[in-house]
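Structure first, commentary second.
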Amino acid sequence: MSQSAPIARLVSDWFAANARDLPWREPGTTAWGVLVSEVMSQQTPVRRVEPVWREWMERWPTPADLAAEPTGEAIRAWGRLGYPRRALRLHAAAVAVAGDHDNVVPDTIAALEALPGIGTYTARAVAAFAHRQRHPVVDTNVRRVVARAVAGNPDAGMATTAADLRATETLLPDDAEAAAVASAALMELGALICTARAPVCARCPLADDCAWHAKGEALPEGPSRKPQKYTGTDRHVRGLIMAVLREADDPVARVALDTVWHEPDRRERALTGLVADGLVVEGAGGFRLP
DNA sequence: AAGGCGTGGTA
DNA sequence: TTACCAAGCCT
């Protein structure tokens, strides 16, 4: 492997021939559309995002359209994507863009990161993919690809660090447009080829330039991130409650929620948490979406 | 700064 | 079946 391997070019060429045709990659997608796709894709497989994203874009083509709705509509339209607080924050972001930015999605990292639910990754993704700026866009896929190809490690660390951003920035072409393409390509490579558990090095454009491949492709020993319990946790019960309220046209009485889980303490804790988070409100006839 | 936060698919 | 994983963010 060569020290100055043109990683960006190799991956970008591969991307040109192998990219999935995701709807938000189509020409003419607005910055708002890109932002929504990025938030929906946080911790959620892209396959499940597609239909929901299409519905949202048709229904709320600009931030102001969403901002004009009750937050509960965003939560309901979120469906089963998971982590519904993202819907809440996306609605809040829409309110902020409509109110503070003249309904135009900001194009600076600082302004983007100031929006609810927009962090290090999503801010740079929007700046790069929507505004075609040159920024390192580092998600779990990119971290894994860089960890393997450059550092020769089987996996990256648990969270994105400043060092990850610097390492990735180094790989990007100088040209902003080319850098944006390279970032999308690195993500796609991690999603389709350089996967966590079953990488397909035989079809990888970086195989000849990959430090990890050269060392024999030893798979990571433990989990890449902290294993999460789910069954019987508060999160589980919160999800059960939200599923009921999403389907309900009218407020739901407390007794009607008793059937979702057998332990009263956990039920109560879940419900209280949801109300505290603003995902549920208690009104006259019972509990409902805000 | 470690842990909380949904949901469904795959091996 | 259980365990891990999937375009993170917030506190």
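Quick caveat: nothing in here was measured; it's all calculated off a predicted structure. Within every chain, numbering begins at 1; the chains are lettered A, B, ... in the order of the sequence lines, protein sequences first and strands thereafter.
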Compare side-chain N and O positions of A/Q42 against OP1 and OP2 of C/dG8 and report whether any pair is under 4.0 Å apart. no
At under 4.0 Å between heavy atoms, what does A/T160 touch on the DNA or RNA strands: base, sugar-phosphate, or nothing? nothing
How close do A/G157 and A/R143 get, heavy atom to heavy atom, and via which atoms? O-NH2, 2.9 Å
Student check: side-chain heavy atoms of A/R80 and A/R48 closer than 4.5 Å: no
Are the side chains of A/P70 and A/H91 in contact, using a 4.5 Å heavy-atom criterion? no
Regarding the side chain of A/A196, the nearest nucleotide among C/dC5, C/dA7, B/dG6 is C/dC5
Could you tell me whether the side chain of A/R85 has a donor or acceptor atom within less than 3.5 Å of a complementary atom in the base of B/dC5? no
Tell me whether the side-chain N or O atoms of A/R235 pair up with the base of B/dG4 as donor and acceptor below 3.5 Å, since no angle test is needed here. no
Rounding to an integer number of Å, can you tell me how far A/E50 CD sits from B/dT7 P? 21 Å
For A/W24, report the nucleic acid contact type (base, sugar-phosphate, nothing); a contact means any heavy atom under 4.0 Å. base
Report the nucleotide, chosen from C/dA7, B/dG6, C/dC10, that has the shortest atom-to-atom distance to any side-chain atom of A/R89. C/dC10
Which listed nucleotide (C/dC9, C/dA3, B/dG6) is nearest to the side chain of A/Y230? B/dG6
Does A/R144 put a side-chain nitrogen or oxygen below 4.0 Å from OP1 or OP2 of C/dA6? yes
Report the nucleotide, chosen from B/dT10, C/dA6, C/dA7, that has the shortest atom-to-atom distance to any side-chain atom of A/P45. C/dA6
Using the P atom in both, what is the distance from B/dG6 to C/dT11, to the nearest Å? 14 Å
If the cut-off is 4.0 Å, is A/R197 near the phosphate of B/dG9, judged by side-chain N/O to OP1 or OP2? no
For A/I118, which contact category applies under a 4.0 Å heavy-atom criterion: base, sugar-phosphate, or nothing? sugar-phosphate
Between A/R48 and A/G117, who's closer to the 5' end of DNA chain C by nearest nucleotide? A/R48
Considering only atom P, compute the distance from B/dC5 to C/dA7 and round it to an integer number of Å. 23 Å
Please identify which of these residues, A/L245, A/L279, A/V281, A/L289, meets the side chain to side chain contact (heavy atoms under 4.5 Å, CB included) condition with A/L274. A/L279
Would a distance-only check, ignoring hydrogens and angles, find a side-chain to backbone donor-acceptor pair under 3.5 Å from A/R86 to A/G82? yes
Same-atom distance (C1') from B/dA1 to C/dG8, integer angstrom: 15 Å
Select one nucleotide: of B/dT7, B/dC5, C/dA7, the one nearest the side-chain heavy atoms of A/L22. C/dA7
Separation of B/dG6 atom P from A/M242 atom CE, nearest Å, is 8 Å
Just checking A/R124: base, sugar-phosphate only, or nothing, at a heavy-atom cut-off of under 4.0 Å? nothing
If you pin A/D155 and A/Y83 to their nearest nucleotides in DNA chain C, which one's is more 5'? A/D155
Whole-Å distance between C/dA6 P and A/R20 CZ? 12 Å
Under 4.0 Å, counting only non-hydrogen atoms across every strand here, what does A/A191 touch: a base, just sugar-phosphate, or nothing? sugar-phosphate
Can you confirm whether or not the ring centre of A/W78 sits under 6.0 Å from the ring centre of A/W56? yes
To the nearest Å, give me how far apart CZ (A/R47) and P (B/dG9) are. 13 Å
How long is the line joining NZ of A/K229 and C1' of C/dA3, in whole Å? 8 Å
Would you indicate what A/T120 reaches in the nucleic acid, counting non-hydrogen atoms under 4.0 angstrom: base, sugar-phosphate, or nothing? sugar-phosphate
To the nearest angstrom, the CZ-P distance between A/R86 and C/dC9 comes to 11 Å
Please state how far atom CG in A/D234 lies from atom P in B/dC5, giving the value in whole angstrom units. 5 Å
Measure the distance from CG on A/L192 to P on C/dA6 and round it to the nearest whole Å. 12 Å
Donor-acceptor pair between A/H131 and A/Q133 side chains, under 3.5 angstrom: no
Side-chain donor/acceptor contact of A/T44 with base of B/dG6 under 3.5 Å: yes
Quick check on C/dC9: is either OP1 or OP2 less than 4.0 Å from any side-chain nitrogen or oxygen of A/T122? yes
Base, sugar-phosphate or nothing for A/R143? Non-hydrogen atoms, less than 4.0 Å. nothing
Have a look at A/A125 and say if it touches a base, only the backbone sugar-phosphate, or nothing, with a 4.0 Å heavy-atom cut-off. nothing
